[in-house]
Amino acid sequence: MKPIRKAVLPVAGLGTRFLPATKAVPKEMLTVVDRPVVQHVVDEAREAGIEHFIFVTGRGKAVIEDHFDISFELDRMLQERGKQAAYEELKRDLPAAGQTSFTRQQEPLGLGHAVWCAREIVGDEPFAVLLPDMLSRGCMQQMLSAYERHGGNVIAVEEVKPEETHQYGIVSVGETFGQTFEITGMVEKPKQGTAPSNFIISGRYILQPEIFEVLSHGRKGAGGEIQLTDAMIELAKAQDFFGMRYAGRTYDTGSKLGFLTANIAYALERKDLEGPLRAEIARLLAQD
């Protein structure tokens, strides 16, 4: 079983749910407390042992590449002004030389197409996919543990209310092994009342490289886009897929409510912010 060393982060999306904020600023660079969303996702992957980060970008996303590069002027200013703590924090966040790669998705043809754009960099080895607007701290570590037990392909899943299943990709549940289970089927956004379970695909994947061959056929699905779920359904005819119940909460920062909730949740975990934030929330609620 080959180890998981590389992660693909599709960051070419236009962020239309957050206009006008994302007209000039990539949605992945919006901040949750004081760190860009994409930095939180990279932190999760690094803590799990991922060594190489492959960003699939688009036009107007160069600032993401700049964020993961050295800023000589800023570094010098921080050192000259004695702001050593801030300087050291920037150094800790920076991936080592050669640990990041950037490739372009020239057209917005869907998540499956974005993943396919990383094929030459990933090569012939299993890899992770992390959707950069989904914050799921600790999820990739749990997935790697599941991969070590089962091999094959692993998808992180979470439960939602049955009446919400039509909004997501849904998996069918087979034999269960504690936190994980065999996936016996997948469907993208089933009609209300027809979902095979209430387990949704929640934005973290471990995939075998054969997925690229399936994606290369360019078959379009929902919305006229090349869907990753469709490719996984095809690959599942030849390879095992397992669902991993994420023991935590995912915040969808691509939605306004999810973004605001993530900021509050992450801030409440900070000792320097928890007390003052609780006081401000209480003051706001008292005004109603």
CA sep, side-chain torsions, deciding dist, call: Leu90, Leu78, side-chain contact (heavy atoms from CB on, under 4.5 Å): CA-CA 10 Å; Leu90 288 180; Leu78 291 173; 3.6 Å; yes

Closest heavy-atom pair and its distance - Thr250, Ser136: OG1-OG, 2.7 Å

Non-hydrogen side-chain atoms of Ile281 and Ile264 separated by less than 4.5 Å: yes

For residues Ser71 and Glu73, determine if any side-chain heavy atom of one lies less than 4.5 Å from a side-chain heavy atom of the other. yes

side-chain contact (heavy atoms from CB on, under 4.5 Å) between Met232 and Glu188, worked out: CA-CA 11 Å; Met232 293 192 298; Glu188 184 68 29; over 6 Å; no

Arg17 side chain to Gly254 main-chain N or O, any donor-acceptor pair under 3.5 Å? yes

Could you check whether any side-chain heavy atom of Leu9 comes within less than 4.5 Å of a side-chain heavy atom of Val42, counting everything from C-beta outward? yes

Taking all atoms of both residues into account, what is the closest heavy-atom pair of Pro10 and Leu130, and its distance? CD-O, 3.5 Å

Do the two ring centres, one from Phe127 and one from Tyr205, sit under 6.0 Å apart? no

Looking only at atom types and distance, does a side-chain atom of Glu182 sit under 3.5 Å from a main-chain N or O of Phe241, one as donor and one as acceptor? no

Closest heavy-atom contact between Arg204 and Leu135? NH2-CA, 4.2 Å

Please confirm whether Tyr168 and Phe199 have ring centers closer than 6.0 angstrom. no

Do Val214 and Glu234 have side-chain heavy atoms sitting under 4.5 Å apart? yes

Flag, side chain of Gln142 to backbone of Met244, donor-acceptor distance under 3.5 Å: no

Short question: side chain of Ser197, backbone of Val171 - any donor-acceptor pair under 3.5 Å? yes

In the structure I gave you, are the side-chain heavy atoms of Pro36 and His67 within less than 4.5 Å of one another anywhere? yes

Do Pro209 and Val122 come close enough that some side-chain heavy atom pair is under 4.5 Å? no

For Met77, does its backbone N or O pair with a side-chain atom of Lys83 as donor and acceptor, under 3.5 Å? no

Are the side chains of Phe53 and Phe68 in touch, meaning some heavy atoms are under 4.5 Å apart? no

Do Tyr266 and His40 have ring centres separated by under 6.0 Å? yes

For atom CZ of Arg149, is the number of surrounding heavy atoms from other residues, nucleotides or ligands below 6.0 Å larger than 12? yes

Under 3.5 Å donor-acceptor, Arg245 side chain and Gly178 backbone: yes

Please name the pair of heavy atoms, one in Met134 and one in Asp252, separated by the smallest distance, quoted to 0.1 Å. SD-OD1, 3.6 Å

Just by distance, do the side chain of Gln105 and the backbone of Val11 share a donor-acceptor pair under 3.5 Å? no

ILVMFWY network linking Tyr147 to Tyr246, side-chain heavy atoms under 4.5 angstrom: yes

Would you indicate whether the side-chain heavy atoms of Phe55 and Ile64 approach each other to under 4.5 Å? yes

Pro190 backbone acceptor or donor facing Thr194 side chain under 3.5 Å: no

Donor-acceptor contact present, side-chain Glu47 to main-chain Gln141, <3.5 Å: no

Judged by atom type as modelled, is there a donor-acceptor pair below 3.5 Å linking the side chain of Asn263 to the main-chain atoms of Phe259? yes

May I have the list of side-chain donor-acceptor pairs in residues 18-35 shorter than 3.5 Å, sequence neighbours left out?
{"residue": "Thr22", "atom": "OG1", "partner": "Gly15", "partner atom": "O", "Å": "2.6"}
{"residue": "Lys27", "atom": "NZ", "partner": "Asp133", "partner atom": "OD2", "Å": "3.3"}
{"residue": "Glu28", "atom": "OE1", "partner": "Lys61", "partner atom": "NZ", "Å": "2.8"}
{"residue": "Glu28", "atom": "OE2", "partner": "Lys61", "partner atom": "NZ", "Å": "3.3"}
{"residue": "Asp34", "atom": "OD1", "partner": "Arg270", "partner atom": "NH1", "Å": "3.3"}
{"residue": "Asp34", "atom": "OD2", "partner": "Arg270", "partner atom": "NH1", "Å": "3.2"}
{"residue": "Arg35", "atom": "NE", "partner": "Asp43", "partner atom": "OD2", "Å": "3.2"}
{"residue": "Arg35", "atom": "NH1", "partner": "Asp93", "partner atom": "OD2", "Å": "3.1"}
{"residue": "Arg35", "atom": "NH2", "partner": "Asp43", "partner atom": "OD1", "Å": "3.4"}
{"residue": "Arg35", "atom": "NH2", "partner": "Asp43", "partner atom": "OD2", "Å": "2.8"}
{"residue": "Arg35", "atom": "NH2", "partner": "Asp93", "partner atom": "OD1", "Å": "2.9"}
{"residue": "Arg35", "atom": "NH2", "partner": "Asp93", "partner atom": "OD2", "Å": "3.3"}

Closest heavy-atom pair, Ile70 versus Asp75, reported as atoms and distance to 0.1 Å, is CG2-OD2, 3.6 Å

Atom of Pro3, atom of Pro126 and distance for their closest heavy-atom approach: O-CG, 4.1 Å

Under the criterion side-chain contact (heavy atoms from CB on, under 4.5 Å), I'd like the reasoning laid out for Leu215 against Val115: C-alpha separation, chi angles, the key distance, then a yes or no. CA-CA 8 Å; Leu215 290 168; Val115 171; 4.1 Å; yes

